Amino acid sequence: MDIPILKNNIEAICEKIENAAIASGRKRDDIILCAASKTRTVEEISESAKLGIDMFGENHAQELEVNFDAGAYLGKPASFIGHLQTNKVKKVVSRAELIQSVDSIKLADAIDSAAEKHGIIQDILLEVNIGGEFSKSGVFPEELCTLLEHASQKDHLRICGLMTIPPICPEDEARGYFAKMRELFEKAQAHNGGNIDLKILSMGMSADYCAAILEGSTMVRIGSAIYGPRNYNK
Ligand SMILES: *Cc1c(COP(=O)(O)O)cnc(C)c1O
């Protein structure tokens, strides 16, 4: 991808983030820009790392491994945002500063023991299926409390917030889901203390990140608006 285009895209996104942040009583630096780098090359990723990306998000353990080990992120933090199978946890724990997609007790347990082996405390977000869709990952809102309580017992986890991917819908409809998520986030913050320190609300992608910020998102995960359309056939 053309570097000037990449630069323009990221500048335009940062400006929109700033405007939405201000409109919601915050500032640009209150919002973390996480680049969703699935399918992108090491070169594309490292060029974008020079241009105002705060963090990277990978969907596949294999891509995280390749990109991290190649130094593609130029020292910027990496996170994991995809569905994580327990047998891939080992690859992810040593590389991702933040695992955004924890949605089961089994996965929380697997991450905790991998983190213990590495002698670290792993930062995680709990993923919520805010639209209640059967085909989607994430816990249903009514299951969140149980997962939060379970994870709070784990010595090698720090629960830093919540993440969601709303149903595919127009931005104004998505805004309703973001508002629900924010309510849930604020309720869950009543549990802060011990290893629960909920301050990240990760929501908003290319099509709807402004709406998400207006509803209180503190982290947006953006792919195609940064790098252009994805090509899965490469
Ligand atoms: C791909 C992806 C994104 C970014 O999607 P875009 O629409 O390309 O911005 C965000 N979050 C997750 C979990 C993703 O898999």
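Each ligand, and each atom within it, is numbered from 1 in the order the structure gives. Side-chain atoms are counted along with the backbone in the values below, which use heavy atoms only and exclude waters and symmetry mates. Computed from a predicted model, the values in this text were never measured in an experiment.
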Atom of [X], atom of [Y] and distance for their closest heavy-atom approach:
X: Ser224; Y: Arg230; value: N-NH1, 3.8 Å
X: Thr218; Y: Ile200; value: OG1-CA, 3.3 Å
X: Lys16; Y: Tyr209; value: CD-OH, 3.3 Å

(message) Does this structure show an ion pair linking Lys27 with Asp30, if we count only N-O contacts that are shorter than 4.0 Å?
(response)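 Counted as a salt bridge, because a side-chain N and a carboxylate O are separated by less than 4.0 Å.
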
Counting non-hydrogen protein atoms only, what is the nearest one to [atom]? Give residue, atom name and distance.
atom: atom 14 (C) of ligand 1; value: Lys38 NZ, 3.0 Å
atom: atom 10 (C) of ligand 1; value: Met205 SD, 3.1 Å
atom: atom 9 (O) of ligand 1; value: Ser206 OG, 2.5 Å
atom: atom 12 (C) of ligand 1; value: Ile81 CD1, 3.6 Å
atom: atom 11 (N) of ligand 1; value: Arg221 NE, 2.9 Å

(message) Below the 3.5 angstrom mark, is there an N/O of Ala225, backbone or side chain, next to an N/O of ligand 1?
(response) no

(request) Enter the distance from Glu47:CD to Lys7:NZ here, rounded to the nearest 0.5 Å. (result)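 One finds 12.0 Å between CD of Glu47 and NZ of Lys7.
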
(message) Ring-plane angle category for Phe134 and Phe140, please: parallel below 30°, perpendicular beyond 60°, tilted otherwise.
(response) perpendicular

(message) Could you check whether any side-chain heavy atom of Gln100 comes within less than 4.5 Å of a side-chain heavy atom of Arg221, counting everything from C-beta outward?
(response) yes

Which of the atoms of ligand 1 are close to [X], meaning less than 4.0 Å from one of its heavy atoms?
X: Ile165; result: 13 (C)
X: Ile222; result: 9 (O)
X: Gly223; result: 4 (C), 6 (P), 8 (O), 9 (O)

(message) Any atom of ligand 1 sitting under 4.0 Å from a heavy atom of Arg230?
(response) yes

(request) Mark yes when over 12 heavy atoms from residues, nucleotides or ligands other than Lys90 sit less than 6.0 Å from its NZ; otherwise mark no. (result) no

(request) Under 4.0 Å, heavy atoms only, figure out whether ligand 1 is touched by the backbone of Ala36, its side chain, both or neither. (result) side chain

